[in-house]
Amino acid sequence: MTTVGDYLFEARGLTKSYGPNRILSHVDFTLGKGQSVALIGENGAGKSTFAKIITGVIKPDTGTLAFDGIDVVFTAPRDALAAGLAFIPQELAYVPHLTVAENIVLGQWPGKSGWTSPGRIRARARDVCERYGIDFDLDAQMHQLKLAERQLVEIVKALMREARMIVLDEPTAALNEQESTTLFGILRRLNDQGVGILYISHRMDEVYRFSDRVDVLRNGNRVASVRPQETSPRELIAHMLGQEKEEFVRETVAHSGSGAIQLHSWHSSGLPALQDVSLEVQAGEIVGLYGVRGSGADLVAEALGGLAQTVSGEITIGGKTRQPFASPYDAGNAGVAFVPAERKRNGLVLGLPIRRNITLTLLRSLSRFGFVDAAAEKAISDDLIRRFDVRFRGEDQPVGRLSGGNQQKILLASRIAAKPRYLVLHEPTRGVDVGARVEIHRLLAGIADEGCATLVVTSDVEEAVTVPDRLIVIKDGRIAGELSGSSMTQANAISLATED
Ligand SMILES: Nc1ncnc2c1ncn2[C@@H]1O[C@H](COP(=O)(O)OP(=O)(O)O)[C@@H](O)[C@H]1O
Ligand SMILES: [Mg+2]
């Protein structure tokens with residue numbers, strides 16, 4: 001049992017702002033030798049920022065860190081690693097065409113730790129793998145490995161550096177059940193050997209299976225620090241959410257008739273693996289699909305936009321039943337207006353002016369003999385800019401210069417310019433300021449009221465329970481349940497999305 005004063009690691013009063021936004025406020029944290037702590041919190045709570053600060057990726061504005069009771073300042077991840085603190089980020093960097101052994105060797109040689117040759121490092125890597133029961137082929141090429149195995153390579157690299165504390169940022173988000181079990185087995189063995197572990201999660205089941213303590217971050221504040229046995233998932237969820245606030249609540253309308261969009265038993269192999277996902281959206285209805293990262297919600301959205309071709313099953317749309325879409329073009333032809341999560345990559349042409357972005361999807365009908373009917377284009381874009389209340393200096397201003405919220409409004413405007421009957425939105429307000437967010441939510445309600453069948457795919461729980469008429473929750477590739485009316489609360493949604 002750890003007593004005050006002999007922590008392996010201690011952070012005091014960490015504060016961090018980006019511009020006017022306070023991301024972390026005076027966060028304290030301790031970790032004992034061989035202890036495992038879970039850090040949980042909603043999207044945007046500041047978990048990754050915290051992990052990056054304690055591992056030297058970014059600097060705090062104020063606050064101190066101590067390792068082994070000695071104050072430390074990390075100016076780069078390599079400082080942290082040299083002190084014995086390793087970070088396994090969610091997005092792993094690796095050299096694809098080298099072997100596992102070479103990747104492990106890469107960070108070590110020539111090293112100060114007395115390694116003399118790649119051969120000896122390789123032998124040592126094998127020792128480490130054996131000692132911790134990690135089983136993989138050191139001669140495999142990195143790009144042949146699954147994500148789970150690449151994470152293990154990172155862990156082996158950390159152990160080769162004799163890491164005494166490992167920070168993992170949502171390590172299981174993209175792992176299947178068995179891979180997660182393997183990972184936790186290894187982490188437990190590390191614990192037994194005295195390594196301290198901080199892992200970030202938003203899965204309640206993991207917290208209960210693995211951690212000695214759970215810390216909860218909410219809006220950059222540590223609001224709880226408790227032993228799992230002394231609390232309940234309900235209580236932890238309540239800490240994550242605080243007071244539920246209502247921002248925009250849609251009046252629920254009764255819908256009848258067969259679904260305008262129906263997904264029939266979608267499956268996929270690979271990760272996440274969808275299993276028998278069926279759902280329907282009626283004309284005039286907004287349905288939400290909510291899941292945490294790795295739940296499969298993203299894949300469903302992308303497949304509806306024609307961006308994922310790995311899904312089998314059928315879709316009925318406009319009365320016709322067919323295979324899932326093979327391309328964005330295919331989805332568009334079927335009448336689906338799709339608002340992608342990656343608006344910079346898939347949605348907008350940042351160099352083009354506002355007006356042209358809005359009317360891009362309409363250009364074919366607006367142009368005759370290769371010329372765009374400028375008057376018609378202006379009329380349509382003026383109308384949408386007014387309806388969407390886009391703030392800008394001139395319609396000829398390139399979209400890339402606008403704020404995230406205004407870009408998102410233009411993206412939405414461009415998708416509804418053609419008055420679609422089916423609208424699918426993927427993370428419609430990610431990275432959007434609060435004001436624009438409420439406006440976008442109101443706009444969605446207006447679009448649905450005009451009869452559009454609307455599916456909102458989101459990992460933002462507040463959005464999930466305020467915007468849709470009913471909410472479908474997906475977990476581990478399966479539909480975990482459906483909420484509507486008074487049962488559609490953040491606590492119920494998170495509970496369905498994260499508990500066994
Ligand atoms: N480099 C950055 N610049 C501005 N804001 C940022 C930056 N990184 C994160 N944020 C903001 O800080 C908040 C917390 O983000 P993050 O630490 O990634 O949360 P979590 O990991 O809990 O989801 C979010 O609102 C995010 O938009
Ligand atoms: Mg994060």
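Start at 1 and go down the list; that is how both ligands and their atoms are numbered. Computation of the quantities below employed the complete heavy-atom set of this structure, encompassing side-chain atoms and omitting hydrogens, waters and symmetry-equivalent molecules.
- The protein heavy atom nearest to atom 18 (O) of ligand 1 is Ser48 CB, 3.7 Å.
- Listed for the Arg478 side chain is no donor-acceptor partner under 3.5 Å among the backbone atoms of Ser295.
- There is no side-chain donor-acceptor pair under 3.5 Å between Ser495 and Asn492.
- Cation-pi check for Arg161 over Phe87 is not met; the charged atom does not lie both under 6.0 angstrom from the ring centroid and within 45 degrees of its normal.
- Residue Ser48: an N/O/S atom is found under 2.8 Å from the Mg ion (ligand 2).
- Proximity of the aromatic rings of Tyr199 and Phe184 is defined here by a centroid distance below 6.0 angstrom, and this criterion is met.
- Contacts between Thr49 and ligand 1, counted as non-hydrogen atom pairs separated by less than 4.0 Å, involve both the backbone and the side chain.
- Between the side chain of Thr15 and the backbone N or O of His26, at least one donor-acceptor pair lies under 3.5 Å.
- Closest protein heavy atom to atom 5 (N) of ligand 1: Tyr18 CD1, 3.4 Å.
- Protein heavy atom at the shortest distance from atom 19 (O) of ligand 1 is Gly46 N, 3.3 Å.
- The nearest protein heavy atom to atom 26 (C) of ligand 1 is not closer than 4.0 Å.
- With no hydrogens or angles considered, a side-chain donor-acceptor pair links Glu427 and Ser459 at under 3.5 Å.
- Considering each of Glu170, Arg22, Lys47, the one bringing a non-hydrogen atom nearest atom 22 (O) of ligand 1 is Lys47.
- Protein heavy atom nearest atom 11 (C) of ligand 1, with residue, atom name and distance: Ile23 CD1, 3.7 Å.
- Residue Glu42 places a heavy atom less than 4.0 Å from ligand 1.
- The side-chain tip of Lys52 does not point at the ring of Phe50 from less than 6.0 angstrom away and within 45° of straight on.
- When only interatomic distances are considered, the shortest N/O to N/O separation between Gly44 and ligand 1 falls below 3.5 Å.
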